[in-house]
Structure formats: structure tokens, C-alpha cells
Amino acid sequence: MKVLIVEDDTVIATNLYDYLGSRGYEVDVAYDGVTGLHLAVVQHWDAILLDVSLPGIDGLTLCRRLRDDARRDTPILMLTAKDALDDKLRGFAQGADDYLVKPFSLKEVDARLSAMIRRYRGQVAEATLCCADVRFDLTTLRVERASRPVSLPPKCLYLLRILMQSPNRVVGRRELEAELWGDELPDSDSLRTHVYILRRALTAGGEEDLIETVHGIGYRLVVGGASAP
């Protein structure tokens, strides 16, 4: 999942960047409203963390322009030091989806982001993915294979999520690369390397390999005895 942080406080921005990165998000940061609005429009994001008090363009104006001018419905979690009800109502009126007052818990940011993105994708009830004997808790990012804990780096977590959300469907290399790296595509071996790491982790206990390579096309997670086309 790709998240844009628009925050001029470098300490807060760095803490959010490091924590969300460790939770499997792909994160970028803008330190002013003008840059934030530009990135929000020209790239795809699963959610935006938006500070209200920003140089250049304030968060309320940015939110309104993103909704009214750019016609973007990207979920927005607004961050602010103002906790009065009128301040919150102004944020919602400009198009914010949720509101969090500083100082905040990083765990709460993660929980609110996850819930907001699930609602946006229509996956409110899908807090856990299960395919064959693999279980992926999307809230805690805990993965188990036959009740055995599986440790994965962030990019592999995202890769597994994509494959588990469409079991038995061949997901093309370009689609996977765009989801994992956005516009900054990696070298040709990066996706293959991450698939290898994911395979090795999922079969570390001697289990069957569920990831099938469809040469020249992409990869799929084989569930229920499906055979290659």
C-alpha cells in the first residue's frame, strides 16, 4: 500500500515514515502543501496523511483542491494540533475521511489508515486473508503457514497480499511491479528476487510451494488444486 505523508515537521514526518515503512507501507513525504498537492495528483496513493498547518498551501485548502479541482477520492487522514470540534468539522467539510489530533500514537495511525483503506476498497470485513494453509492478518501484518509464524520483509508482505487477494489468478509482472514500486520501476531481477524470498519463507517448514511462475506473464498463488492454463 502506498501512503503519502504531507507534514512540515521533520521529526513527525520521519517517525511516521520509519514506522509505516516497517509495517509494510510504501511511503513518500512532502514537507509543504504545494509539493504535497502535486504528488497527490500525479501519483496513485492508497491513502494520504495530511497535516493542517503547512507552508505554501494549508492542509484544508489542499484537501479541498484535491477533491473539487483534481476530483481525487484518495482517503485522507488529517493530522493537526487543533482539537476543537469546529476545527474537526472544517476538516471533514473540506473532504477529510478521518481526523487525528497531535500528539498521536503511531499504532493508532496505522490502525486508522488500515481501516480507512479497507473501507475505500470495500474490504471492511476482510481483515484476514486465508488461502490454503496460509493466514495473513492485515491488521497486525502477521503471516502464518500451517500455524507456523512466517517472517517477511515489507515488500514481500505486500506481494503476498496481492497474490492472496486474487488466488489462482495470474498477476502480471508489470502489474506487480507497479503495485510494489510505483513509477520508479526496479531492475529486471528485483521482482524475481522478492518472489524467491517469499517462496523460501513460505516453504521453510517443508510445506508445498503455492506460488507458480507463469513464464513470460507473471505469478499466481495456486489454491485448491488449480492447474496451469
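- L39 and V34 end up in the same hydrophobic cluster when Ile, Leu, Val, Met, Phe, Trp and Tyr side chains are linked at under 4.5 Å.
- With D137 contributing its side chain and R142 its backbone, the two residues share no donor-acceptor pair below 3.5 Å.
- In plain terms, the two heavy atoms of M164 and L129 that are nearest each other are CE-O, 3.5 Å.
- Remark: R112 pairs with D98, E108 by the salt bridge (charged side-chain N to carboxylate O under 4.0 Å, His left out) rule, at least two apart or across chains.
- The closest side-chain heavy-atom distance from P149 to V143 is not below 4.5 Å.
- Around the NE2 atom of H44, the shell of radius 6.0 Å holds more than 12 heavy atoms that belong to other residues, nucleotides or ligands.
- Considering all non-hydrogen atoms of both residues, L157 and F136 come closest at O-CE1, 3.4 Å.
- The stretch residues 12-36 participates, sequence neighbours left out, in no ring pair (Phe, Tyr, Trp, His ring centres under 6.0 Å) pair at all.
- Residue pairs satisfying the side-chain hydrogen bond (donor to acceptor under 3.5 Å, both in side chains) criterion with at least one member in residues 150-159, sequence neighbours excluded, are listed as follows: Y158-E179.
- P154 is linked by a side-chain contact (heavy atoms from CB on, under 4.5 Å) to nothing, counting only residues two or more places apart in sequence or in another chain.
- If you chain together hydrophobic residues whose side chains sit under 4.5 Å apart, Y196 and L221 never meet in one group.
- We find the CE-CG distance between M116 and D46 to be 10.0 Å, quoted to the nearest 0.5 Å.
- For D9, the side-chain contact (heavy atoms from CB on, under 4.5 Å) partners at least two apart in sequence or on another chain are E7, V11, I12.
- Contact of the L210 side chain with the V223 side chain is not registered, since no non-hydrogen atoms from C-beta on lie closer than 4.5 Å.
- D18 meets the salt bridge (charged side-chain N to carboxylate O under 4.0 Å, His left out) test with no other residue; sequence neighbours excluded.
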Determine all donor-acceptor pairs shorter than 3.5 Å in which one atom belongs to a side chain in residues 50-64; sequence neighbours excluded.
unit_1: D51; atom_1: OD1; unit_2: K102; atom_2: NZ; d: 3.0
unit_1: D58; atom_1: OD1; unit_2: L60; atom_2: N; d: 3.0
unit_1: D58; atom_1: OD1; unit_2: T61; atom_2: N; d: 2.9
unit_1: D58; atom_1: OD1; unit_2: T61; atom_2: OG1; d: 3.3
unit_1: D58; atom_1: OD2; unit_2: T61; atom_2: OG1; d: 2.8

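- Using a distance-only test at 3.5 Å, with no hydrogens or angles considered, no donor-acceptor pair links the side chain of R173 to the main chain of I217.
- One N or O on the side chain of R67 and one on the backbone of T74 form a donor-acceptor pair closer than 3.5 Å.
- Residue pairs meeting the salt bridge (Lys or Arg N to Asp or Glu O under 4.0 Å) criterion with at least one member in residues 27-40, sequence neighbours excluded, do not occur.
- Partners of R199 by side chain to side chain donor-acceptor pair (under 3.5 Å), not counting sequence neighbours, listed by chain and number: D209, T213.
- Salt bridge status for D189 with R192: present, with a side-chain N to carboxylate O gap under 4.0 Å.
- At least one side-chain heavy atom of V222 sits less than 4.5 Å from a side-chain heavy atom of N168.
- At a threshold of 4.5 Å between non-hydrogen side-chain atoms, the residues L79 and F104 count as touching.
- Between L66 and V41, some side-chain heavy-atom pair lies under the 4.5 Å cut-off.
- Not one N or O on the side chain of W45 forms a donor-acceptor pair closer than 3.5 Å with the backbone of P75.
- Proximity of M78 to L100: side-chain heavy atoms (C-beta onward) are nowhere separated by under 4.5 Å.
- You'll find the side chain of V6 reaches within 4.5 Å of the side chain of I48, heavy atoms only.
- For R72, there are no salt bridge (charged side-chain N to carboxylate O under 4.0 Å, His left out) partners, not counting sequence neighbours.
- Taking R65 as the reference, nothing meets the side chain to side chain donor-acceptor pair (under 3.5 Å) condition, with sequence neighbours excluded.
- For D68, the side chain to side chain donor-acceptor pair (under 3.5 Å) criterion is met by no residue, not counting sequence neighbours.
- Interatomic distance, CD of E175 versus OG of S166, reported as 7.5 Å (0.5 Å rounding).
- Here the side chains of L152 and L160 are in contact, with some heavy-atom distance below 4.5 Å.
- If you chain together hydrophobic residues whose side chains sit under 4.5 Å apart, L198 and I162 fall into the same group.
- Under the 4.5 Å side-chain heavy-atom criterion for Ile, Leu, Val, Met, Phe, Trp and Tyr, V150 and I197 are members of distinct hydrophobic clusters.
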